[in-house]
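Keep in mind that the numbers below use all heavy atoms, side chains included, and drop hydrogens, waters and symmetry copies. Numbers for residues simply follow the sequence, beginning at 1.
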Amino acid sequence: MNKLQTTIIVLLLASINLFGQYLSNLSVKENDPIYTTYNAALSRSQYIINEGYQFIWYDQQKGMNFETKQAGNLGLIFRKDDVVISKLQQFYKKPIITASYSDLVKFYYYPFKEVKVEEYFLVYSSAIAIRQIKITNESPFDLTIDVYPFIQFEQIRSKNISVINDGSGVTFQHREFPDGWMKEHNIPFRSDIKDILFLDTKPESFGTYNEFEKVRDTSSA
């Protein structure tokens, strides 16, 4: 910042502080203008391997997905009794974003009546993304909710899928392709990428699906 008169500098600092508070206290709905693509901070980024995520929260035919170009899409499916919620149009209440920065987003929604889901998504580095999910039962009755985290590859299939020994997640591989600029400048590139999906709660089962039609299911029990 250039050294200007003291009064001008104070005003600019005050504006920056208020701007930061505003981004942490949003109430943004699907039709409001907001940029929802998230990447790691520059200090935690790598050029050759750098994954960015677009938060898809406005497509009625999709759910709460974080999409990438080649590394798969991160999503959730909910089930209560015999009712399965996988698309935004099925939600009891649509998502509302409460905080959004270049590398993180916070939001909440209701897949079912009186079932509130709060999420925090952080792109910590080029290779690490964290999705924190909190589910609250706001009804006076006990409820059982099944949650299915998934990774979806729309064009490129993953391979070498296996469960981690302690059942805390799965490992798999996907293939990346360099863009034209990287080819033109002979930039070193890693095509075969190893991936790990960790969960802090041991899943009851895992499986692979074709457009959510089961083709293989292996129980960890």
Side-chain angles (χ1 to χ4, degrees), residues 24 36 38-41 44-46 49-57 62-68 71-81 83-86 88 91 95-112 114-139 142-153 158-174 193-209 212 214 216-221:
S24 297
T36 57
Y38 302 96
N39 291 271
R44 301 192 299 270
S45 296
Q46 302 177 44
I49 300 178
N50 184 45
E51 211 59 71
Y53 299 83
Q54 183 182 6
F55 182 31
I56 305 298
W57 65 302
K62 295 183 178 181
M64 295 292 92
N65 296 345
F66 288 90
E67 298 191 352
T68 70
N73 306 327
L74 305 177
L76 293 175
I77 297 175
F78 300 91
R79 184 176 71 178
K80 182 170 75 74
D81 300 325
V83 179
V84 176
I85 300 296
S86 62
L88 186 62
F91 283 27
I96 294 179
I97 292 178
T98 57
S100 181
Y101 292 86
S102 61
D103 60 346
L104 68 87
V105 60
K106 295 176 66 177
F107 57 98
Y108 70 91
Y109 53 94
Y110 287 76
F112 305 99
E114 298 181 319
V115 177
K116 183 179 183 180
V117 180
E118 299 171 88
E119 292 204 40
Y120 171 83
F121 183 77
L122 169 66
V123 186
Y124 177 76
S125 69
S126 296
I128 299 175
I130 301 170
R131 186 171 189 174
Q132 177 180 293
I133 304 163
K134 178 183 177 182
I135 303 177
T136 303
N137 177 13
E138 297 182 344
S139 78
D142 292 339
L143 296 174
T144 299
I145 304 294
D146 294 320
V147 182
Y148 301 85
F150 67 87
I151 298 180
Q152 179 186 20
F153 290 86
S158 60
K159 60 182 181 179
N160 298 331
I161 303 172
S162 62
V163 179
I164 299 173
N165 290 335
D166 62 1
S168 61
V170 295
T171 62
F172 55 98
Q173 290 182 325
H174 79 276
I193 308 297
K194 294 182 179 180
D195 304 281
I196 302 176
L197 173 62
F198 280 119
L199 302 175
D200 65 356
T201 301
K202 184 177 179 179
E204 296 179 0
S205 64
F206 81 99
T208 59
Y209 303 81
F212 301 123
K214 187 186 302 183
R216 182 171 68 90
D217 191 13
T218 302
S219 175
S220 60

Sorted by chain and residue number, the side-chain contact (heavy atoms from CB on, under 4.5 Å) partners of Ile135 (sequence neighbours excluded) come out as Phe78, Val115, Val117, Ile133, Val147
Report task. For Leu88 and Trp57, run side chain to side chain contact (heavy atoms under 4.5 Å, CB included): C-alpha distance rounded to whole Å, both residues' side-chain angles, the deciding distance at 0.1 Å, then the answer. Result -> CA-CA 8 Å; Leu88 186 62; Trp57 65 302; 5.7 Å; no
| message | Before you tell me yes or no, could you show the steps for Leu76 and Arg131 under side chain to side chain contact (heavy atoms under 4.5 Å, CB included), namely the whole-Å CA-CA distance, both residues' side-chain angles and the distance that decides it to 0.1 Å? | response | CA-CA 11 Å; Leu76 293 175; Arg131 186 171 189 174; 3.8 Å; yes
For Phe66, the ring-ring contact (aromatic ring centres under 6.0 Å, His included) test, sequence neighbours excluded, returns Phe55, Phe121
The side-chain contact (heavy atoms from CB on, under 4.5 Å) partners of Tyr108 (sequence neighbours excluded) come to Ile96, Thr98, Tyr110, Lys116, Glu118
Between Asn39 and Gly52 the two heavy atoms that sit nearest each other are OD1-CA, 3.1 Å
Between Ser86 and Ile77 the two heavy atoms that sit nearest each other are CB-CG1, 4.0 Å
side-chain hydrogen bond (donor to acceptor under 3.5 Å, both in side chains) filter on Arg79, not counting sequence neighbours, yields Asp146, Tyr148
* To do: Kindly indicate, with the supporting measurements, whether the criterion side chain to side chain contact (heavy atoms under 4.5 Å, CB included) is fulfilled by Ile97 and Val105.
  => CA-CA 7 Å; Ile97 292 178; Val105 60; 3.9 Å; yes
Sorted by chain and number, sequence neighbours left out, side-chain hydrogen bond (donor to acceptor under 3.5 Å, both in side chains) with Gln54 holds for Tyr58
The side-chain hydrogen bond (donor to acceptor under 3.5 Å, both in side chains) partners of Ser139 (sequence neighbours excluded) come to Asn137
Below 4.5 Å, heavy atoms only, C-beta onward: do Tyr38 and Ser100 meet side chain to side chain? yes
Show, in sequence, the C-alpha distance, side-chain angles and deciding distance for Asn73 and Ile56, and conclude whether the side chain to side chain contact (heavy atoms under 4.5 Å, CB included) test is met. CA-CA 10 Å; Asn73 306 327; Ile56 305 298; over 6 Å; no
